[in-house]
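Shown next, in structure tokens, is the structure this report addresses.
Any value given below was found using the heavy atoms of this structure, including those in side chains, with hydrogens, waters and symmetry copies removed.
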Amino acid sequence: MQNSIDFLAFGAHPDDIELGCAGTLIKLAQQGYRTAAVTLTRGEAGTRGTPEIREQEFAAAAQMMQVAVHRQLDMPDAAIEETYVNKLKLVQVIRELRPRVVATVHWESRHPDHIHTSNLVRDAAMIAGLKNLTGAQDEPWRPNRVFYYLERYELPPSFIVDISSAFEQKLRAVREHESQFHGPNMAKYGGEQTVLTRPEFLDVIEAKNRRWGAMIGAKYGEAFVVRELVRIDDPVAAFGEWCREAIP
Ligand SMILES: [Zn+2]
């Protein structure tokens with residue numbers, strides 16, 4: 001389909017996609033792929049910012065991530081539940097956008113919204129392909145695979161994407177969430193501080209991407225888990241010169 005999406009990223013909150021896989025979205029857009037970013041909530045339970053501010057920030061970040069489509073669903077922040085109704089909301093997005101690949105946050109997380117988002121996306125990606133799914137509109141569609149991007153926990157990735165060409169722009173996308181992170185305009189959004197508003201937070205994001213990059217011989221990388229095994233057609237080409245540059 002002409003308007004279909006190649007890579008659709010889901011996040012629980014505005015800023016999850018930016019932190020987890022913005023570099024991959026930007027790199028794919030640079031390569032001519034059509035990408036999309038969809039959040040399940042509007043982030044209204046956050047300490048800083050209002051839903052309106054966070055919507056504007058997400059729109060600005062979406063532009064920075066060069067996504068063709070960005071959208072926020074209406075599930076309640078901090079209260080996402082793994083219900084059939086919520087699965088159908090994600091099925092509707094998947095059937096409309098017809099993504100080849102779907103990405104979501106890894107299911108092992110401290111935040112319950114992230115756990116439920118991960119499980120909802122996994123389930124929706126599967127049942128969206130069922131022809132006679134109860135309560136669903138549109139034609140069935142099943143993405144080829146679900147990728148899980150990593151956040152807080154140290155988990156072994158299935159593969160790492162070289163995002164060196166996209167990393168600076170990724171940071172700009174993250175910084176569009178002015179109400180959430182450290183930056184020159186942070187005082188506009190009140191004096192209350194969180195872990196995210198500490199200047200070290202963005203340093204740690206950089207360090208993580210730098211470390212994943214080092215492991216594949218690149219400057220910056222983003223790590224993903226897939227549950228299924230990965231097929232390689234040309235193992236000689238796949239394990240090229242970059243292996244000698246990888247640290248350690
Ligand atoms: Zn989140």
Side-chain angles (χ1 to χ4, degrees), residues 5-43 46 49 54-73 93 97 99-106 109 111 113-114 117-118 121 146-153 155 157-183 196-197 201-214 216 218-226:
I5 291 291
D6 297 299
F7 188 96
L8 163 60
F10 284 103
H13 314 107
D15 76 13
D16 290 336
I17 295 167
E18 289 80 342
L19 294 168
C21 66
T24 302
L25 285 168
I26 294 161
K27 180 174 184 172
L28 289 172
Q30 287 169 349
Q31 291 174 338
Y33 287 109
R34 293 188 84 238
T35 60
V38 175
T39 69
L40 275 57
T41 77
R42 291 158 53 81
R54 299 203 70 182
E55 186 177 348
Q56 286 167 18
E57 291 174 344
F58 181 61
Q63 200 172 0
M64 200 58 80
M65 293 191 288
Q66 295 175 243
V67 294
V69 175
H70 75 279
R71 199 173 293 175
Q72 296 189 289
L73 305 182
V93 173
L97 299 180
R100 291 160 69 181
V101 170
V102 161
T104 185
V105 64
H106 194 280
S109 176
H111 200 311
D113 278 354
H114 290 196
T117 294
S118 192
V121 171
V146 180
F147 294 1
Y148 301 87
Y149 52 82
L150 299 182
E151 33 110 336
R152 171 181 289 256
Y153 294 148
L155 298 159
S158 306
F159 60 86
I160 293 167
V161 176
D162 175 3
I163 59 155
S164 306
S165 65
F167 182 74
E168 289 306 319
Q169 205 169 320
K170 167 180 175 151
L171 268 193
R172 285 201 285 277
V174 171
R175 287 206 186 94
E176 291 290 357
H177 295 274
E178 282 191 336
S179 68
Q180 304 300 305
F181 299 108
H182 191 269
L196 302 187
T197 58
F201 185 86
L202 292 177
D203 293 343
V204 171
I205 295 300
E206 171 152 21
K208 283 166 77 165
N209 286 268
R210 185 79 184 87
R211 177 169 161 272
W212 283 323
I216 56 162
K219 186 145 194 206
Y220 293 103
E222 277 174 346
F224 294 91
V225 168
V226 286

For residues [X] and [Y], determine if any side-chain heavy atom of one lies less than 4.5 Å from a side-chain heavy atom of the other.
X	Y	answer
E168	R172	yes
F167	E206	yes
N209	K219	no

| request: Write down the atom of S164, the atom of Y220, and the distance for their closest heavy-atom approach. | output: OG-N, 3.2 Å
Can you tell me how far the [atom1] atom of [X] sits from the [atom2] atom of [Y], to the nearest 0.5 Å?
X	Y	atom1	atom2	result
Y33	T24	OH	OG1	12.5 Å
F7	F147	CZ	CZ	6.0 Å
F10	L40	CZ	CG	7.0 Å

Is it true that [Y] and [X] share a donor-acceptor pair across their side chains at a distance under 3.5 Å?
X	Y	value
T35	Q66	no
S179	E57	yes
T41	Q72	no

Taking 4.0 angstrom as the limit, do [X] and [Y] come out as a salt bridge?
X	Y	value
E222	K170	yes
D15	R54	yes
D6	R100	yes

| request: Test H13 against every option in H177, R42, H114 by the side chain to side chain contact (heavy atoms under 4.5 Å, CB included) rule and name the one that passes. | output: H114
| request: Would you check, one step at a time, whether the test ring pair (Phe, Tyr, Trp, His ring centres under 6.0 Å) holds for H182 with F201? | output: CA-CA 8 Å; H182 191 269; F201 185 86; over 10 Å; no
| message | Suppose we call two aromatic rings close when their centres sit under 6.0 Å apart. Are H106 and Y149 close by that rule? | response | no
| query | Aromatic ring centroids of Y148 and F224 under 6.0 Å? | reply | no
